[in-house]
Amino acid sequence: LAALPAADPTLVQDRVEALLALGRIAKAGLDYAGAAEHYRAAAAIAPSPTEKFSALFGEITAQTFVDPEAALPAAAAIE
């Protein structure tokens, strides 16, 4: 991800998919704080409502283990 130009709009989809994958990997490794960061980053740039929902849901489920109150903004964003 670091090598991908952040300003290139043709790479947004690739970046979102990579961030979602990194979130799943971190969560599977019990790194809930790291997973929440990846999901939050994916939600910020997600091009579709489905991807944004997936990222927000991932952030909520990961953040619940670290700081449940910090999951509230993501939960509110789903509404």
Side-chain angles (χ1 to χ4, degrees):
L1 281 174
L4 295 177
D8 187 345
T10 64
L11 297 175
V12 171
Q13 185 66 41
D14 294 326
R15 189 175 291 281
V16 169
E17 289 176 16
L19 287 166
L20 290 173
L22 288 171
R24 287 190 298 273
I25 291 166
K27 196 160 73 167
L30 305 180
D31 178 11
Y32 297 115
E37 288 297 319
H38 291 304
Y39 287 128
R40 188 175 303 113
I45 61 169
S48 76
T50 303
E51 289 164 330
K52 185 168 183 106
F53 176 82
S54 294
L56 290 170
F57 184 74
E59 181 185 349
I60 291 165
T61 58
Q63 198 68 296
T64 298
F65 289 99
V66 180
D67 183 3
E69 287 195 29
L72 294 176
I78 288 178
E79 295 182 306

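Listed by first and then second residue, the salt bridge (charged side-chain N to carboxylate O under 4.0 Å, His left out) pairs involving residues 34-52 are E37-R40, R40-E59 (not counting sequence neighbours).
Summarising the geometry of A77 relative to L56, their closest heavy-atom pair is CB-CD1, 3.9 Å, with the distance given to 0.1 Å. Contact detail for A36 and A62: the closest heavy-atom pair is N-CB, 3.9 Å. The two residues A35 and G23 have their closest heavy-atom pair at CB-O, 3.4 Å. The two residues D31 and G34 have their closest heavy-atom pair at OD1-N, 3.0 Å. Shortest non-hydrogen contact noted between V16 and P47 is CG2-CD, 3.8 Å. Residues D14 and T10 share a closest heavy-atom pair of OD2-O, 4.4 Å.
When the side chains of ILVMFWY residues are joined at heavy-atom separations under 4.5 Å, either directly or via intervening members, L72 and I78 end up in two distinct hydrophobic clusters.
With rounding to the nearest 0.5 Å, the separation of OH in Y39 from CD1 in I60 is 11.5 Å. Distance check, rounded to the nearest 0.5 Å: CD of Q13 to OG of S48 gives 7.0 Å. To the nearest 0.5 Å, the span separating CD1 on I25 from CG on L20 amounts to 11.0 Å. Taken from CD1 in I45 to CG in L19, the straight-line distance is 5.5 Å, to the nearest 0.5 Å.
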Query raised in the report: Would K27 and Y32 count as a side chain to side chain contact (heavy atoms under 4.5 Å, CB included) if you check the C-alpha gap in whole Å, the side-chain angles of each, and the deciding distance to 0.1 Å?
Result: CA-CA 5 Å; K27 196 160 73 167; Y32 297 115; 3.7 Å; yes

